[in-house]
Number of protein chains: 2
Amino acid sequence: MPRQSRRPTAGDVARLSGVSSATVSYVLNKSPGQKISAATTDRVLRAAEQLGYVPNAAAGTLRRGHSRVVLVVIDTLNVGHTNARSLEPLLDAVASCGLTALTYSLVSEEDLLGVVRTLQPFAVAALSFTTAAMRQSLRAAGAQHVIGLNTAEDDNLEPKRPGEAEIGRTQIRHLAQRGPTRIVYVLPATSPRLPIAQVRLRGAQEECVRQGLRAPLALSLPLDRHAIAEALSSLESLRGTTGVATADDRMGIAVLGAMADLGWSAPDDLAVVGADNFVESEFVTPPLTSVYLPLANLRAVTVEWLNKTLSGDGQSTDHALLGWDAAAECVVRRSS
Amino acid sequence: MPRQSRRPTAGDVARLSGVSSATVSYVLNKSPGQKISAATTDRVLRAAEQLGYVPNAAAGTLRRGHSRVVLVVIDTLNVGHTNARSLEPLLDAVASCGLTALTYSLVSEEDLLGVVRTLQPFAVAALSFTTAAMRQSLRAAGAQHVIGLNTAEDDNLEPKRPGEAEIGRTQIRHLAQRGPTRIVYVLPATSPRLPIAQVRLRGAQEECVRQGLRAPLALSLPLDRHAIAEALSSLESLRGTTGVATADDRMGIAVLGAMADLGWSAPDDLAVVGADNFVESEFVTPPLTSVYLPLANLRAVTVEWLNKTLSGDGQSTDHALLGWDAAAECVVRRSS
DNA sequence: CTGAAAGCGCTTACAG
DNA sequence: CTGAAAGCGCTTACAG
């Protein structure tokens with residue numbers, strides 16, 4: 001197999017079409033303010049096509065000072081389908097603007113900054129809550145533009161996930177309507193998603209105060225059917241008057257399974273509400289009520305923002321907000 | 001807010017430490033074959049630290065001919081948790097080799113080639129089956145090295161997902177052991193994962209022949225509890241003698257839910273087996289039996305491969321294989 | 001309407 | 001042991 005021959009450069013295209021590499025660049029980038037004759041344009045385009053010319057992005061990046069990549073940051077603390085739902089419209093938006101979308105799974109913020117320094121992306125679109133300080137660091141590291149999920153109000157506040165507390169509050173509001181006088185909040189004993197679970201719990205605690213309910217009993221349980229059943233059985237005396245909120249639907253489904261093992265049924269023995277609205281929650285028996293955060297038209301918002309920054313003066317590094325409905329939605333099913 | 005001052009370059013570091021930028025490069029890259037005095041090394045390191053110097057990756061890429069990025073390709077046709085499980089060890093492996101891992105969600109192969117042309121990655125690690133032709137294209141587009149899930153045998157064969165057929169075969173082998181004489185295969189009516197479902201069905205069909213069973217009844221159903229219940233009720237006469245295999249656990253859980261609505265129970269009325277071993281499958285009632293493909297030590301295989309290519313002559317563009325256990329595993333639970 | 005030339009920031013063969 | 005210089009492939013201000 002012959003060694004892959006050198007990849008064609010703008011110079012090669014120029015030579016073939018009998019113009020300078022500058023003209024090639026003007027034609028291929030449709031540089032505004034450059035009038036190139038139709039005949040020349042045509043020759044250049046034909047030559048580029050013939051050679052299969054693809055600009056060397058690294059050279060462009062070096063010259064321009066930033067790449068044409070949009071780095072989409074995924075929050076690994078979100079459940080998979082939550083990310084998937086947001087990702088698709090975002091990737092779509094980026095592609096439709098002629099930019100290259102790359103996904104980065106957020107492990108640590110330090111690591112993300114390293115990637116940004118490496119990539120010098122045109123923009124970072126963070127599908128996670130970002131503080132003003134973090135956005136500042138991202139721009140300092142070389143991201144021209146930063147967009148993220150965040151609320152103007154909470155900019156510098158911890159926790160960084162204001163929407164999560166709202167999920168906890170909404171779970172309690174729903175349970176309170178159903179009659180229970182006592183709340184149990186079940187979170188996973190160990191899980192990478194524990195930080196989110198804790199914010200949800202905090203929201204639930206707040207809402208219990210507001211509703212005049214006793215503080216919720218927080219139960220850290222392993223994702224193990226038998227262990228959960230055992231823990232629930234010690235709550236025997238609470239049957240009939242208790243609502244259970246779980247940190248997510250996975251735990252909610254596990255609780256329903258454990259209840260079945262105990263011969264208990266929802267909502268009579270315990271009313272159960274989960275979070276994140278897993279697809280599976282509709283299919284279990286009884287179907288699981290769930291609270292989640294709907295994301296507003298991400299695609300449209302992103303396209304509009306990218307177009308604005310692309311046509312902008314090139315200097316603006318302001319951040320923008322990704323669409324975000326502050327209100328959590330409760331899908332009521334038979335478990336509560 | 002003052003405009004961000006120019007980012008420091010190797011030249012700045014050189015000036016501050018009183019050496020040339022060549023020496024800076026030698027020190028920072030620990031260039032073999034260059035003897036730099038300890039004193040100089042120290043001064044350079046100190047100056048780089050002081051200025052917060054980070055090499056401009058685009059310049060390095062331009063000069064070197066490829067970047068230090070490993071592009072990890074995710075197959076969006078796999079379910080989220082399948083990808084997540086593979087992704088973690090891979091990202092870990094890449095980081096531990098001092099390279100930058102970026103994730104790309106495979107939409108189309110053409111689009112992936114575009115990203116590779118843009119990024120000129122050091123390597124592409126594809127968490128999807130890749131044909132020899134595709135790996136060839138990837139290298140032509142600028143990926144120095146390519147690694148992927150694939151079997152040497154099936155290199156040029158369609159379908160590109162040999163493991164999926166094995167899932168279907170294993171589902172049938174399991175059901176056949178349980179006594180059913182008739183097989184129903186349930187796949188989603190519409191789903192982005194339909195291509196995978198169809199390969200699984202084909203595997204199931206093969207295995208039915210091998211087991212001397214009648215060809216499976218293939219049922220395309222929407223992910224809708226009532227619609228599934230209705231479809232199942234027309235199978236009334238098959239109760240007690242039929243095994244149901246579903247294209248994945250989501251559909252399996254939906255089938256169990258629909259059966260509950262009909263007052264049927266698994267495994268007595270229908271023995272049910274799903275695929276992909278969702279975490280939730282253990283928690284539904286009855287717990288769902290599931291077949292999945294375990295991935296072998298991805299991290300170790302990847303690290304070994306990266307180290308080999310990094311220390312290699314720099315010219316080799318051969319591909320390697322990611323760890324892959326050809327055997328599917330069946331987690332037996334009470335639904336079958 | 002088009003081209004010659006500079007320069008983005010690295011890396012490395014070469015000269016000392 | 002260290003430095004001067006070339007060059008990777010673009011883009012763009014400038015000159016014609």
Side-chain angles (χ1 to χ4, degrees), chain A residues 5-45 47-48 51-69 117-120 122 142 144 313-314, chain B residues 6-45 47-48 51-69 117-120 122 142 144 314:
Chain A
S5 68
R6 195 177 57 81
R7 165 174 161 171
T9 69
D12 296 328
V13 176
R15 218 161 299 123
L16 182 59
S17 49
V19 300
S20 73
S21 68
T23 302
V24 171
S25 174
Y26 293 142
V27 168
L28 264 29
N29 298 319
K30 302 187 187 57
S31 302
Q34 294 291 335
K35 256 90 253 290
I36 307 284
S37 70
T40 303
T41 299
D42 202 61
R43 278 212 315 287
V44 169
L45 255 24
L51 294 174
Y53 170 68
V54 178
N56 179 314
T61 299
L62 179 58
R63 174 65 223 231
R64 221 181 294 116
H66 62 84
S67 66
R68 295 185 64 78
V69 164
R117 280 187 281 258
T118 298
L119 231 45
Q120 299 289 299
F122 174 71
Q144 289 275 305
D313 53 4
Chain B
R6 196 176 57 81
R7 165 173 162 172
T9 69
D12 297 328
V13 176
R15 220 161 298 123
L16 182 60
S17 49
V19 300
S20 72
S21 68
T23 303
V24 171
S25 174
Y26 294 142
V27 170
L28 264 28
N29 297 320
K30 302 185 186 58
S31 302
Q34 294 290 335
K35 256 91 253 291
I36 307 284
S37 71
T40 302
T41 299
D42 203 59
R43 278 213 315 289
V44 169
L45 256 24
L51 293 174
Y53 170 69
V54 178
N56 180 314
T61 299
L62 178 58
R63 174 65 223 231
R64 220 181 296 115
H66 63 85
S67 67
R68 296 185 65 77
V69 164
R117 280 186 282 257
T118 298
L119 231 46
Q120 299 289 299
F122 174 72
Q144 290 276 305

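Every chain is numbered from 1, with letters handed out A, B, ... down the list of sequences.
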Whole-Å distance separating the CD atom of A/Gln120 from the C1' atom of C/dC8: 12 Å
In whole angstroms, how far is the P atom of D/dC10 from the NE2 atom of A/His66? 17 Å
Once you round it to whole Å, what is the distance between P of D/dC10 and CZ of A/Arg15? 11 Å
Without decimals, in angstroms, what is the distance between A/Tyr26 OH and D/dA15 C1'? 11 Å
Among C/dC10, D/dC14, D/dC10, which is the nearest nucleotide to the side chain of A/Ala59? D/dC10
Of all the choices, C/dC10, C/dG3, D/dT11, which nucleotide is nearest to the side chain of A/Ser20 once you look at every atom? C/dG3
Can you find a pair of side-chain heavy atoms, one from B/Thr9 and one from B/Asp12, that are under 4.5 Å apart? yes
Please determine whether a side-chain nitrogen or oxygen atom of B/Tyr53 lies at a distance below 4.0 Å from atom OP1 or OP2 of C/dC10. yes
Distance test, side-chain N/O of A/Ser21 to OP1/OP2 of D/dC10, below 4.0 Å: no
Applying the Watson-Crick and G-U wobble criteria at under 3.5 Å, what pairs with D/dA13? Answer none if nothing qualifies. none
Phosphate contact (D/dG3 OP1 or OP2) by B/Thr23 side-chain N/O below 4.0 Å: yes
Closest heavy-atom pair, B/His66 versus B/Arg64, reported as atoms and distance to 0.1 Å, is O-NH1, 2.9 Å
To the nearest angstrom, the CZ-P distance between A/Arg64 and D/dA13 comes to 14 Å
For B/Ala47 and B/Leu16 the tightest heavy-atom approach is CB-CD2, 3.7 Å
Give the rounded distance in Å between these two atoms: CG of B/Asn56 and P of C/dT11. 10 Å
By the 4.0 Å heavy-atom rule, please label B/Ala10 as base, sugar-phosphate, or nothing. sugar-phosphate
Partner lookup for C/dA4, please. Criteria are Watson-Crick or G-U wobble with both distances under 3.5 angstrom; report none if nothing qualifies. none
What is the nucleic acid contact for B/Thr61, judged by heavy atoms within less than 4.0 Å: base, sugar-phosphate only, or nothing? nothing
Please round to the nearest 0.5 Å and tell me the distance separating atom CZ of A/Arg15 and atom CG of A/Leu51. 10.0 Å
Does A/Ser25 reach a base, just sugar-phosphate, or nothing at all? Heavy atoms under 4.0 Å. base
Nearest to the side chain of B/Leu62, which nucleotide is it out of C/dG9, D/dT2, D/dA5? C/dG9
Once you round it to whole Å, what is the distance between C1' of C/dC10 and CZ of A/Arg117? 18 Å
Integer-rounded Å distance: D/dG9 C1' and B/Leu119 CG: 17 Å
OG1 on A/Thr61 to CG on A/Leu119, rounded to 0.5 Å: 8.5 Å
Nearest of D/dA4, C/dG9, D/dC10 to any side-chain atom of A/Arg63? D/dC10
What heavy-atom pair brings B/Asn56 and B/Arg7 nearest, and what distance separates the two atoms? CA-NH2, 3.7 Å
B/Asn29 side chain: which of C/dT11, D/dT12, D/dT2 is closest? C/dT11
What distance, rounded to whole Å, do you find between the two C1' atoms, one in D/dG16 and one in D/dT12? 16 Å
From the set C/dC10, C/dC1, D/dT2, return the single nucleotide nearest to any side-chain atom of B/Pro55. C/dC10
Let's see if you can work this out: which of D/dT12, D/dT2, C/dT12 has an atom nearest to the side-chain heavy atoms of B/Ala22? C/dT12
